[in-house]
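What follows is a single structure, written as structure tokens, with notes after it.
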Amino acid sequence: MTLSFTRTANTSPTSEERRAEILANPGFGSHMTDHMVTATWRQGEGWIDAALEPYGDITMSPAASVLHYAQEIFEGLKAYRHEDGSIWSFRPDKNAERLNASARRMVLPELPVEDFLTSLRLIVEADQEWVPAFGDGEKSLYLRPFMYGSAAFIGLRPSTEVKYSVIASPAASIFTGGPKPITLWVAEKYARAGAGGTGAAKCGGNYASALAGQIEGAEHGCDQSVFLDSSTHTYVDELGGMNVFFVMKDGTLVTPELTGTILPGITRLSVLELAPEFGLTPVERRVPIAEWKDGVASGDILEVFACGTAAIITPIGELRWDGGTAPSTAGEGGGEVTRGLRERLLSMQQGRTDNTYGWMHQLV
Ligand SMILES: *Cc1c(COP(=O)(O)O)cnc(C)c1O
């Protein structure tokens with residue numbers, strides 16, 4: 001049975017003038033739209049009280065399980081306006097599947113794919129004026145579905161009440177004047193996830209555990225940090241919120257295989273599927289950090305890039321670690337494959353090319 005959502009319009013939305021001001025310079029994640037989606041799940045009842053309502057604060061018991069035991073998961077995807085005014089998102093069915101995979105790992109209830117897609121459609125429909133215009137750089141409306149345990153009980157057990165919500169926030173390209181290569185710090189002291197842990201689930205706690213490694217990188221003048229496997233500290237896992245790829249001289253496009261500590265990115269999956277278009281063979285395997293350090297110097301590695309919904313594809317420049325550096329192969333704005341894949345994905349998302357793979361899903 002699919003959920004039916006009640007709808008309550010925000011009667012005091014952001015003024016048109018203020019919204020135009022925000023859309024001219026949205027930044028990332030600081031401005032929310034006028035509506036939100038909410039739904040509740042209760043043990044024995046399932047999903048109830050699904051609603052589109054005015055954006056606003058939430059109240060919960062100080063004993064709510066999420067505040068103590070971090071039973072929380074989220075998703076992130078973007079809505080793009082196409083030239084004819086319609087609004088689309090990129091492979092949202094994959095986000096729905098991943099939300100449910102995360103839910104299973106964190107013992108939260110699954111949300112039917114149909115209801116997830118309806119929740120996206122409802123908020124984008126209500127806040128469609130917040131979706132940046134076609135052709136306005138790389139701007140989009142970022143959608144943030146999330147779910148958390150809200151039952152008031154200080155004791156360790158899966159929450160008997162859970163909230164699902166979607167909020168939306170206009171986003172600019174995180175680059176001005178094209179993507180600039182980012183400098184990476186190898187976080188050798190910290191891991192973001194461990195074997196048997198929650199690295200493959202999109203849960204808030206993974207981000208909290210990555211922060212210290214991220215800060216350590218910033219202290220060494222780096223934009224981001226790359227995490228290694230927690231058991232041997234010798235294999236590349238991923239960045240705090242992006243997967244990593246290597247363009248090899250031998251014609252392979254390599255990314256670390258999913259061992260359970262890596263988040264299965266939808267951009268990652270799409271890049272693997274697009275590799276043949278670029279004459280490259282996609283390979284998922286373990287990548288020793290030593291291979292990266294040596295490979296960029298020897299020329300075996302031609303390009304390195306990171307990928308994820310927020311930044312799409314970002315060229316990776318210099319690699320730094322405690323005691324050394326490896327040179328950038330990214331030039332000014334990334335190598336040929338990095339730039340080509342970026343434009344391939346972006347043109348699809350913005351509707352400037354055919355929906356050949358059927359990856360684009362119309363919301364409005
Ligand atoms: C969300 C996320 C990614 C990127 O996933 P996409 O589906 O491509 O946006 C990569 N790594 C981590 C840790 C993430 O949380």
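Note that ligands are numbered from 1 as they come in the structure, with each ligand's atoms numbered from 1 the same way.
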Please confirm whether K163 makes a cation-pi placement over W41, using NZ or CZ under 6.0 Å from the six-membered ring centre and within 45° of the ring normal.
no
Give me each pair satisfying salt bridge (charged side-chain N to carboxylate O under 4.0 Å, His left out) with a member in residues 320-334, each pair once, sequence neighbours excluded.
E318-R320
Quick one about D49 and T40 (side-chain donor to acceptor, distance below 3.5 Å, no hydrogens or angles considered), yes or no?
no
Pairs where residues 72-90 contributes a residue and the test salt bridge (charged side-chain N to carboxylate O under 4.0 Å, His left out) is met, not counting sequence neighbours:
E75-R98
Aromatic rings W47 and Y164: how do their planes relate, parallel, tilted or perpendicular, breaks at 30° and 60°?
perpendicular
Output for ligand 1, non-hydrogen cut-off under 4.0 Å, lists R98, R192, K202, Y207, E238, G240, G241, M242, N243, L263, G265, I266, T267, G308, T309
I'd like to check the ring pair (Phe, Tyr, Trp, His ring centres under 6.0 Å) partners of F116; sequence neighbours left out, ordered by chain and number.
none
